[in-house]
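Below: one structure, written as C-alpha coordinates.
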Amino acid sequence: MKVYGSSQSGNCLKVKWTAEMLGVPFEWIEVDTFSGATRTPEFLAINPAGQVPVVVLKDGRELAQSNAIMLFLAEGSPLIPNDAYERAKMLEWMFWEQYSHEPAIAVRIARRFYLKTPEEELDPALLAKGKSALGRMELQLKQTAFLAGAAFSLADIALVAYTRVAHRGGFDLGPYAHVRAWIARVEQRLGLLAAE
Ligand SMILES: N[C@@H](CCC(=O)N[C@@H](CS)C(=O)NCC(=O)O)C(=O)O
(Lines give C-alpha, C1' and ligand atoms only; values in the text may rest on other atoms or scores of the structure.)
Protein backbone atom coordinates (compact mmCIF):
# COMPACT_ATOMS: atom_id res chain seq x y z
CA MET A 1 0.00 0.00 0.00
CA LYS A 2 1.15 3.52 -0.78
CA VAL A 3 0.24 6.31 1.63
CA TYR A 4 0.37 9.83 0.21
CA GLY A 5 0.65 12.12 3.20
CA SER A 6 2.24 15.09 4.87
CA SER A 7 4.23 14.54 8.08
CA GLN A 8 2.88 17.89 9.29
CA SER A 9 -0.74 16.78 9.02
CA GLY A 10 -2.54 15.06 11.88
CA ASN A 11 -5.02 13.61 9.39
CA CYS A 12 -2.13 11.85 7.64
CA LEU A 13 -0.40 10.80 10.86
CA LYS A 14 -3.61 9.07 12.01
CA VAL A 15 -3.31 6.75 9.02
CA LYS A 16 0.42 6.19 9.56
CA TRP A 17 -0.01 5.36 13.27
CA THR A 18 -2.94 3.00 12.59
CA ALA A 19 -1.00 1.12 9.91
CA GLU A 20 2.08 0.91 12.15
CA MET A 21 0.05 -0.31 15.12
CA LEU A 22 -1.56 -3.02 13.04
CA GLY A 23 1.68 -4.02 11.32
CA VAL A 24 0.30 -3.14 7.87
CA PRO A 25 3.27 -2.55 5.54
CA PHE A 26 3.17 0.68 3.57
CA GLU A 27 5.29 3.04 1.53
CA TRP A 28 5.02 6.67 2.68
CA ILE A 29 5.06 9.27 -0.08
CA GLU A 30 5.61 12.74 1.36
CA VAL A 31 3.37 15.42 -0.21
CA ASP A 32 3.97 19.10 0.54
CA THR A 33 0.45 20.46 1.02
CA PHE A 34 1.64 24.06 1.18
CA SER A 35 3.32 24.05 -2.25
CA GLY A 36 0.46 23.11 -4.58
CA ALA A 37 1.51 19.44 -4.79
CA THR A 38 -2.10 18.39 -4.12
CA ARG A 39 -3.31 20.32 -7.18
CA THR A 40 -1.17 18.69 -9.89
CA PRO A 41 -2.96 16.58 -12.55
CA GLU A 42 -0.99 13.53 -11.32
CA PHE A 43 -2.17 13.99 -7.75
CA LEU A 44 -5.76 14.83 -8.73
CA ALA A 45 -5.85 11.57 -10.69
CA ILE A 46 -5.27 9.76 -7.38
CA ASN A 47 -7.58 11.93 -5.25
CA PRO A 48 -9.84 14.32 -7.17
CA ALA A 49 -10.55 16.06 -3.84
CA GLY A 50 -6.94 17.29 -3.90
CA GLN A 51 -6.20 16.28 -0.33
CA VAL A 52 -3.96 14.00 1.68
CA PRO A 53 -4.13 11.44 3.11
CA VAL A 54 -4.97 9.13 0.27
CA VAL A 55 -3.87 5.54 -0.03
CA VAL A 56 -3.41 3.38 -3.09
CA LEU A 57 -3.95 -0.27 -2.31
CA LYS A 58 -1.87 -3.07 -3.82
CA ASP A 59 -4.61 -3.71 -6.39
CA GLY A 60 -4.58 -0.05 -7.46
CA ARG A 61 -7.78 1.07 -5.74
CA GLU A 62 -7.63 4.47 -4.03
CA LEU A 63 -9.16 5.51 -0.72
CA ALA A 64 -9.21 8.99 0.83
CA GLN A 65 -10.48 10.58 4.06
CA SER A 66 -8.36 9.80 7.11
CA ASN A 67 -11.10 8.22 9.18
CA ALA A 68 -12.37 6.08 6.30
CA ILE A 69 -8.82 4.81 5.70
CA MET A 70 -8.39 4.02 9.39
CA LEU A 71 -11.65 2.06 9.45
CA PHE A 72 -10.57 0.13 6.36
CA LEU A 73 -7.15 -0.73 7.80
CA ALA A 74 -8.49 -1.71 11.23
CA GLU A 75 -11.39 -3.88 10.04
CA GLY A 76 -11.59 -6.95 12.31
CA SER A 77 -8.92 -5.67 14.72
CA PRO A 78 -9.26 -4.78 18.43
CA LEU A 79 -9.06 -1.09 17.45
CA ILE A 80 -12.76 -1.36 16.50
CA PRO A 81 -15.05 -2.54 19.33
CA ASN A 82 -17.11 -5.68 18.64
CA ASP A 83 -20.08 -4.41 20.60
CA ALA A 84 -22.45 -2.48 18.31
CA TYR A 85 -23.04 0.35 20.79
CA GLU A 86 -19.35 0.81 21.56
CA ARG A 87 -18.52 0.72 17.85
CA ALA A 88 -21.15 3.39 17.20
CA LYS A 89 -19.73 5.46 20.08
CA MET A 90 -16.30 5.25 18.44
CA LEU A 91 -17.86 6.48 15.18
CA GLU A 92 -19.72 9.21 17.04
CA TRP A 93 -16.36 10.61 18.18
CA MET A 94 -14.80 10.21 14.75
CA PHE A 95 -17.62 12.06 12.98
CA TRP A 96 -17.55 14.74 15.69
CA GLU A 97 -13.79 15.08 15.23
CA GLN A 98 -14.21 16.00 11.58
CA TYR A 99 -16.95 18.55 12.18
CA SER A 100 -16.34 20.09 15.59
CA HIS A 101 -12.67 19.53 16.48
CA GLU A 102 -10.43 19.38 13.40
CA PRO A 103 -11.95 22.43 11.63
CA ALA A 104 -11.01 24.61 14.61
CA ILE A 105 -7.90 23.05 16.18
CA ALA A 106 -6.17 21.79 13.03
CA VAL A 107 -6.95 24.97 11.14
CA ARG A 108 -5.44 27.15 13.87
CA ILE A 109 -2.36 24.90 14.00
CA ALA A 110 -1.90 25.16 10.23
CA ARG A 111 -2.36 28.93 10.12
CA ARG A 112 -0.54 29.89 13.31
CA PHE A 113 2.27 27.33 13.51
CA TYR A 114 3.02 26.47 9.89
CA LEU A 115 1.88 29.56 7.94
CA LYS A 116 2.85 32.00 10.75
CA THR A 117 -0.39 33.94 10.34
CA PRO A 118 -0.58 36.67 13.02
CA GLU A 119 -3.19 36.08 15.74
CA GLU A 120 -5.17 39.20 14.78
CA GLU A 121 -5.72 37.81 11.29
CA LEU A 122 -7.24 34.55 12.59
CA ASP A 123 -10.99 34.12 12.91
CA PRO A 124 -11.66 34.50 16.69
CA ALA A 125 -14.50 31.97 16.41
CA LEU A 126 -11.90 29.21 15.85
CA LEU A 127 -10.46 29.68 19.33
CA ALA A 128 -13.89 29.48 20.97
CA LYS A 129 -14.86 26.44 18.89
CA GLY A 130 -11.59 24.66 19.72
CA LYS A 131 -11.93 25.34 23.45
CA SER A 132 -15.47 24.05 23.38
CA ALA A 133 -14.23 20.84 21.70
CA LEU A 134 -11.54 20.37 24.35
CA GLY A 135 -14.16 20.89 27.05
CA ARG A 136 -16.34 18.19 25.54
CA MET A 137 -13.42 15.75 25.53
CA GLU A 138 -12.56 16.63 29.13
CA LEU A 139 -16.12 15.79 30.23
CA GLN A 140 -15.91 12.36 28.59
CA LEU A 141 -12.41 11.57 29.81
CA LYS A 142 -13.43 12.32 33.40
CA GLN A 143 -15.69 9.30 33.08
CA THR A 144 -13.79 6.84 30.88
CA ALA A 145 -10.13 6.06 30.18
CA PHE A 146 -10.64 6.30 26.43
CA LEU A 147 -13.15 8.20 24.31
CA ALA A 148 -15.42 5.33 23.33
CA GLY A 149 -15.27 3.73 26.79
CA ALA A 150 -12.82 1.55 28.67
CA ALA A 151 -11.06 0.30 25.54
CA PHE A 152 -8.55 2.10 23.31
CA SER A 153 -10.04 2.51 19.82
CA LEU A 154 -9.68 4.36 16.51
CA ALA A 155 -11.50 7.30 18.11
CA ASP A 156 -8.47 7.88 20.35
CA ILE A 157 -6.04 7.80 17.42
CA ALA A 158 -8.28 10.16 15.42
CA LEU A 159 -8.63 12.67 18.25
CA VAL A 160 -5.11 12.58 19.62
CA ALA A 161 -3.55 13.64 16.32
CA TYR A 162 -4.37 17.31 16.67
CA THR A 163 -5.14 17.44 20.41
CA ARG A 164 -1.55 16.53 21.36
CA VAL A 165 -0.26 19.50 19.36
CA ALA A 166 -3.14 21.88 20.17
CA HIS A 167 -0.65 24.25 21.86
CA ARG A 168 0.75 24.96 18.39
CA GLY A 169 -2.66 26.40 17.60
CA GLY A 170 -2.55 28.59 20.71
CA PHE A 171 -4.70 26.30 22.88
CA ASP A 172 -3.65 25.99 26.51
CA LEU A 173 -4.25 22.42 27.68
CA GLY A 174 -3.62 23.45 31.31
CA PRO A 175 -7.31 23.46 32.30
CA TYR A 176 -7.94 20.03 30.76
CA ALA A 177 -6.23 17.61 33.16
CA HIS A 178 -8.10 14.53 31.96
CA VAL A 179 -7.33 15.34 28.33
CA ARG A 180 -3.63 15.69 29.20
CA ALA A 181 -3.58 12.35 31.03
CA TRP A 182 -5.38 10.71 28.09
CA ILE A 183 -2.86 12.16 25.60
CA ALA A 184 -0.06 10.54 27.62
CA ARG A 185 -1.90 7.20 27.65
CA VAL A 186 -2.55 7.31 23.90
CA GLU A 187 1.01 8.41 23.10
CA GLN A 188 2.26 5.46 25.12
CA ARG A 189 0.06 3.07 23.11
CA LEU A 190 1.33 4.58 19.86
CA GLY A 191 4.95 4.66 21.00
CA LEU A 192 5.18 8.43 20.57
CA LEU A 193 7.24 10.91 22.55
CA ALA A 194 5.38 13.96 23.86
CA ALA A 195 5.08 16.57 21.09
CA GLU A 196 6.97 19.87 21.34
N1 LIG B 1 -11.42 15.33 5.95
C2 LIG B 1 -10.16 15.08 5.32
C3 LIG B 1 -9.32 16.32 5.43
C4 LIG B 1 -8.07 16.22 4.59
C5 LIG B 1 -7.31 17.52 4.58
O6 LIG B 1 -7.81 18.59 4.98
N7 LIG B 1 -6.07 17.42 4.12
C8 LIG B 1 -5.22 18.58 4.08
C9 LIG B 1 -3.99 18.33 4.94
S10 LIG B 1 -4.46 18.09 6.62
C11 LIG B 1 -4.78 18.82 2.65
O12 LIG B 1 -4.55 17.89 1.92
N13 LIG B 1 -4.65 20.07 2.26
C14 LIG B 1 -4.13 20.43 0.98
C15 LIG B 1 -5.13 20.99 0.06
O16 LIG B 1 -6.33 21.11 0.44
O17 LIG B 1 -4.71 21.32 -1.05
C18 LIG B 1 -9.46 13.88 6.00
O19 LIG B 1 -9.74 13.63 7.18
O20 LIG B 1 -8.68 13.18 5.35
Side-chain angles (χ1 to χ4, degrees), residues 1-22 24 26-57 61-75 79-80 87 89-117 121-123 125-127 129-130 133-134 136-137 147-148 153-171 186 190 192 195-196:
M1 177 178 75
K2 287 183 180 167
V3 180
Y4 291 81
S6 158
S7 309
Q8 297 176 335
S9 153
N11 284 323
C12 299
L13 293 173
K14 292 173 194 179
V15 170
K16 179 172 183 280
W17 296 333
T18 304
E20 283 171 350
M21 226 184 159
L22 294 167
V24 176
F26 64 91
E27 179 191 350
W28 179 267
I29 297 159
E30 187 71 24
V31 178
D32 181 356
T33 56
F34 296 115
S35 75
T38 48
R39 291 290 174 280
T40 64
E42 294 77 17
F43 187 85
L44 291 170
I46 300 168
N47 183 10
Q51 289 179 328
V52 283
V54 59
V55 300
V56 180
L57 307 179
R61 289 180 298 171
E62 300 100 357
L63 185 63
Q65 290 294 328
S66 56
N67 291 349
I69 301 168
M70 291 168 78
L71 284 161
F72 174 76
L73 294 178
E75 176 87 11
L79 293 178
I80 300 178
R87 190 166 58 247
K89 269 288 171 199
M90 176 196 77
L91 290 170
E92 176 186 318
W93 280 105
M94 292 170 79
F95 290 125
W96 176 83
E97 183 257 348
Q98 286 284 296
Y99 190 76
S100 302
H101 182 288
E102 193 257 18
I105 297 182
V107 168
R108 273 189 60 95
I109 293 169
R111 306 251 163 94
R112 202 173 171 274
F113 187 76
Y114 290 110
L115 297 172
K116 313 286 181 212
T117 308
E121 288 176 27
L122 296 174
D123 176 1
L126 293 179
L127 195 60
K129 185 172 176 171
L134 293 169
R136 162 129 174 65
M137 292 175 70
L147 288 168
S153 76
L154 290 183
D156 301 293
I157 304 178
L159 264 304
V160 88
Y162 289 109
T163 308
R164 69 193 286 267
V165 288
H167 54 279
R168 295 179 181 169
F171 295 97
V186 177
L190 297 173
L192 301 172
E196 284 178 18

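Just so you know, ligand 1 is whichever comes first in the structure, and atom 1 is the first atom listed for that ligand. Heavy-atom basis, side chains included; hydrogens, waters and symmetry copies ignored.
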Which protein heavy atom lies closest to atom 3 (C) of ligand 1, and at what distance to 0.1 Å? Asn11 ND2, 3.6 Å

Is the NZ or CZ atom of Lys129 positioned over Phe171's six-membered ring, under 6.0 angstrom from the centre and within 45° of the axis? no

Which is it for Ser9 and ligand 1 at heavy atoms under 4.0 Å: side chain, backbone, both or neither? side chain

Among all protein heavy atoms, pick the one closest to atom 6 (O) of ligand 1 and tell me residue, atom and distance. Gln51 NE2, 3.5 Å

Honestly, for Tyr162 the part within reach of ligand 1 (heavy atoms, under 4.0 Å) is side chain

Under 3.5 Å, N or O to N or O, is Gln98 touching ligand 1 that way? yes

Could you tell me, atom by atom, which parts of ligand 1 come under 4.0 Å of a heavy atom of Arg39? 15 (C), 16 (O), 17 (O)

Main-chain N/O of Arg168 paired with Arg112 side-chain donor or acceptor, under 3.5 Å: yes

Less than 6.0 angstrom from the centroid, inside 45 degrees of the normal: does Lys116 satisfy that with respect to the ring of Phe113? yes

Are any of the N/O atoms in Gln65 less than 3.5 Å from those in ligand 1? yes

Which is it for Trp28 and Cys12 under the side-chain contact (heavy atoms from CB on, under 4.5 Å) test, yes or no, and what are the steps along the way? CA-CA 10 Å; Trp28 179 267; Cys12 299; 3.8 Å; yes

When you measure from atom 8 (C) of ligand 1 to every protein heavy atom, which one gives the shortest distance, and what is it? Val52 O, 3.7 Å

Hey, mind stepping through Leu154 and Leu71 against side-chain contact (heavy atoms from CB on, under 4.5 Å) and telling me if it holds? CA-CA 8 Å; Leu154 290 183; Leu71 284 161; 3.8 Å; yes

For Tyr114, look at atom OH and say whether over 12 heavy atoms of other residues, nucleotides or ligands are found less than 6.0 Å away. yes

Test item: Tyr162 side-chain N/O and Gly10 main-chain N/O as donor-acceptor pair under 3.5 Å: yes

With heavy atoms of Gly50 as the reference, note each atom of ligand 1 found under 4.0 Å away. 15 (C), 16 (O), 17 (O)

Tell me whether Asn67 contacts the main-chain N or O of Met94 through its side chain, where contact means a donor paired with an acceptor under 3.5 Å. yes

To which protein heavy atom is atom 19 (O) of ligand 1 closest, and what is the distance rounded to 0.1 Å? Ser66 OG, 2.6 Å

Has ligand 1 got any nitrogen or oxygen that is less than 3.5 angstrom from a nitrogen or oxygen of Thr38? yes

